[in-house]
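For reference, positions follow the sequence shown, starting with 1. Only a predicted model underlies this, so the values are computations on that prediction, with no experimental measurement involved.
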Amino acid sequence: MRNNPSRKIIKMLHDSFVFEEKTLLDFQYDCYAKLPGSLNKKELERVRMILDVIMLQTINHANIISDLIAKFYERTAKKL
């Protein structure tokens, strides 16, 4: 009986992880696609810096979710 809610929680965490990763890729692609072609070197560096910060924050979110999944599996394995 406990196994069923565990699977649901893991599925929800997994879906959250995939959402974070997919959202990051889509966002980066959209941002780069919408950049005007006439940026100078300094402007392009600023854009890359901002997008890199956003990417790092999203990767941190995905890491938090993956850590939760790993801890959940560890707890479940100890109970078996």
Side-chain angles (χ1 to χ4, degrees):
M1 189 105 179
R2 253 182 110 94
N3 197 12
N4 217 4
S6 298
R7 286 184 182 178
K8 288 180 184 177
I9 292 170
I10 290 172
K11 173 83 170 109
M12 288 170 38
L13 290 171
H14 177 266
D15 292 347
S16 297
F17 179 80
V18 171
F19 176 79
E20 284 286 344
E21 292 295 314
K22 184 177 178 347
T23 302
L24 171 65
L25 292 174
D26 290 345
F27 177 77
Q28 289 283 54
Y29 179 81
D30 287 345
C31 285
Y32 279 113
K34 291 177 183 176
L35 288 175
S38 60
L39 291 177
N40 64 37
K41 187 176 180 177
K42 187 176 180 179
E43 291 170 327
L44 188 56
E45 286 175 17
R46 290 180 82 195
V47 167
R48 283 186 181 158
M49 184 178 70
I50 292 167
L51 291 176
D52 286 349
V53 167
I54 293 169
M55 183 185 307
L56 288 173
Q57 289 174 342
T58 303
I59 290 171
N60 284 337
H61 294 161
N63 283 336
I64 290 168
I65 294 169
S66 66
D67 287 346
L68 287 172
I69 293 170
K71 287 178 184 175
F72 197 86
Y73 271 121
E74 287 172 4
R75 288 182 188 161
T76 304
K78 287 179 183 178
K79 290 179 182 178
L80 295 177

According to a 4.5 Å side-chain heavy-atom criterion applied to Ile, Leu, Val, Met, Phe, Trp and Tyr, with indirect links allowed, do [X] and [Y] form part of one hydrophobic cluster?
{"X": "I50", "Y": "V47", "answer": "yes"}
{"X": "L51", "Y": "I59", "answer": "no"}
{"X": "V18", "Y": "L25", "answer": "no"}

Just verifying a value: how many Å separate [X] [atom1] and [Y] [atom2], rounded to the nearest 0.5 Å?
{"X": "T23", "Y": "I54", "atom1": "OG1", "atom2": "CD1", "result": "12.5 Å"}
{"X": "I69", "Y": "M12", "atom1": "CD1", "atom2": "CE", "result": "11.0 Å"}
{"X": "E43", "Y": "S38", "atom1": "CD", "atom2": "OG", "result": "7.5 Å"}

_salt_bridge(D15, K11) N-O dist < 4.0 Å_ =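 So D15 pairs with K11 through a salt bridge.
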*Hey, is K34 close enough to D30 for a salt bridge, meaning N to O under 4.0 Å?*
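Looking at D30 together with K34, the answer is no, because their closest N to O distance does not fall below 4.0 Å.
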*Residue pair L35 / L39: nearest heavy atoms and the distance that separates them*: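 Reported closest heavy-atom pair: CD2-CD1, 3.9 Å.
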*Not counting sequence neighbours, which residues clear side chain to side chain contact (heavy atoms under 4.5 Å, CB included) with R48? List them please.*
Y32, L44
